[in-house]
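What follows is a single structure, written as structure tokens, with notes after it.
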Amino acid sequence: MQRREFLSGIGATGLVATALAGCASGVAPPSRRVLLAAPTSTAAAGEAALPVWAYGGSVPGPVLRLRRGDWLDLDLHNRLPEPTTVHWHGIRLPNAMDGVPHLTQAPIEPGARFRYRFRLPDSGTYWYHPHLGAAEQLERGLAGALVVEDDAPPPVDRDIVWLLDDWRLDAQGRIAEDFYRFHDVAHAGRLGQRLTVNGAVRPELPLRTGERVRLRLVNAANARLFALQPEPGLNAWLIARDGMPAPQAVPWDAPLLIGPGMRADVVVDAVRAGRFAIRQFNGREAEPLATLVVGGADDPRARPAPVPSPHTPPPEPALADAALHTLRLGGGARSREGWPADTPEARAARQQRRAAGAREADPVWTINGQAHVGDHHGHHPPAFRVPLGRSVRIAFENPTAWWHPMHLHGHHFKVLSRNGEALTESAWRDTVLLAPGDRAEVAFVADNPGRWLIHCHVLEHHAGGMGTHFEVTA
Ligand code: C2O
Ligand code: CU
């Protein structure tokens with residue numbers, strides 16, 4: 001025990017020395033970088049040379065690893081054939097850096113660049129992706145993880161990002177071009193037949209017994225709900241959700257739901273030699289998503305459960321005087337409620353734009369009766385306004401026949417209740433997953449001025465109208 005304390009003492013001294021050195025120079029080390037978004041061709045989704053759109057030439061894009069308090073400083077160069085933006089999913093950042101076209105910034109035109117620069121207030125697992133033509137741009141490969149390292153991470157031997165995705169390929173083994181297909185938009189969104197981890201189909205991760213790994217799971221799929229569970233024989237825990245540490249580690253012994261946009265950090269101990277699949281449950285069926293291949297002699301000494309890192313949580317909402325807003329979802333297949341109004345004129349105009357090459361969804365989904373289709377949130381009034389510093393409660397109601405991961409920009413929230421049942425241990429999140437029929441209440445302090453999106457992270461649902469925004473007025 002003493003020896004342990006001694007060793008960690010040395011580590012701490014080392015850190016202090018580095019911090020002091022940083023102070024002496026007076027500025028944070030320069031970390032400005034360039035990120036290119038461009039078409040390329042690479043090994044992905046089981047194809048040797050798949051034409052994709054990529055950040056930094058790779059699928060997924062590079063893992064950006066920084067520390068809490070660091071500045072992210074990055075020039076996005078757009079070499080795509082169409083405009084784009086980058087959204088830093090889950091980060092509490094200044095509104096102008098949020099990457100929502102026509103709401104927080106102008107689209108970055110082909111050939112143009114945009115500098116994203118902001119401080120990282122929270123440690124955890126985040127990610128970045130386009131927010132313009134997102135259903136197509138993400139599906140073509142544009143997504144990457146942003147890891148903000150903890151000040152005091154739970155000790156692990158390896159810390160690995162697994163960016164999860166699925167790909168719909170056509171008969172030629174190319175990304176199918178049927179974006180915004182009506183059936184996908186009105187049902188579960190665009191599902192692909194090839195499931196991948198970091199772009200690879202059923203990869204293997206070699207481990208030694210006694211090793212403890214942290215897996216940062218990021219669901220970057222347009223629409224697929226991941227429900228993952230390891231085969232028996234590993235010791236595993238869930239330690240964080242949407243970047244925010246759980247109050248305590250929870251044993252991972254049931255399918256873990258990770259909706260589109262959501263993250264889950266898990267810790268896995270390799271205790272026995274063998275092959276252990278992480279399986280994806282799809283209804284009753286399960287298929288291996290990836291396999292941990294553990295070598296070495298069995299190591300029956302069970303290590304204690306990991307302790308999620310301490311963190312400074314976002315400000316606690318004052319529930320008593322919080323403004324309550326209800327956001328009722330509507331529309332979609334198998335439902336009569338909440339379908340948006342559509343007119344023959346609007347349909348004709350869409351047809352004309354499509355004939356000219358535009359890609360867009362039909363209005364199918366609503367929030368409080370309004371369908372905000374496409375990337376035009378700046379043209380709509382906010383669903384509500386709230387003065388800076390005020391606490392907000394949002395009740396999401398899902399009378400539709402489909403799942404919706406509802407994501408809020410610029411803030412983390414607490415899930416207070418689900419279907420009337422109070423949740424005692426609510427971790428902070430940026431996305432709440434609603435099953436058909438669900439009602440969930442969340443709360444947060446509106447402490448970030450600006451106009452912030454709230455939308456379903458099934459990208460086809462958002463494209464088909466399921467998005468709105470709120471405004472925090474300074
Ligand atoms: Cu990851 Cu508005 O989204
Ligand atoms: Cu949805």
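None of these values were measured; they are calculated from a predicted model. In listed order, ligands and their atoms are each counted from 1.
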- [ ] Hey, can you tell me if H187 and H183 have their rings parallel, tilted or perpendicular (30° and 60° cut-offs)?
- [x] parallel

Task: Value rounded to 0.5 Å, distance of OH in Y55 from CG in L142 - done: 5.0 Å

TODO: Could you tell me the angle subtended at atom 1 (Cu) of ligand 1 by NE2 of H129 and NE2 of H457, rounded to 10°?
DONE: 110°

Open item on the list: Ring-plane angle category for W365 and H461, please: parallel below 30°, perpendicular beyond 60°, tilted otherwise.
Closed with: tilted

Task: Parallel, tilted or perpendicular, as decided by the 30° and 60° cut-offs, for the rings of H407 and H89 - done: parallel

- [ ] Kindly say whether the aromatic ring centers of H377 and H409 come within a distance under 6.0 Å.
- [x] no

TODO: Assess H404: does it contribute an N, O or S atom lying under 2.8 Å from the Cu ion (ligand 2)?
DONE: yes

Open item on the list: atom 1 (Cu) of ligand 1 and H87: any N/O/S contact shorter than 2.8 Å?
Closed with: no

Task: H407 backbone or side-chain N/O/S under 2.8 Å from atom 2 (Cu) of ligand 1 - done: no

Open item on the list: At a threshold of 2.8 Å, where the distance has to be below it, does atom 2 (Cu) of ligand 1 have an N, O or S atom of H455 nearby?
Closed with: yes

- [ ] Report yes or no: does H462 have an N/O/S atom closer than 2.8 Å to the Cu ion (ligand 2)?
- [x] no

Open item on the list: Please verify the inter-ring angle class for H462 with H131; under 30° counts as parallel, over 60° as perpendicular, anything in between as tilted.
Closed with: perpendicular

- [ ] Return the name of the atom in H89, of element N, O or S, nearest to atom 1 (Cu) of ligand 1.
- [x] ND1

Task: Name, closest N/O/S atom of H461 to the Cu ion (ligand 2) - done: ND1

- [ ] Taking both backbone and side-chain atoms into account, decide whether H131 has an N/O/S atom under 2.8 Å from atom 2 (Cu) of ligand 1.
- [x] yes

Open item on the list: Once you measure the plane-to-plane angle for H379 and H376, does it fall in the parallel (<30°), tilted (30-60°) or perpendicular (>60°) bin?
Closed with: parallel

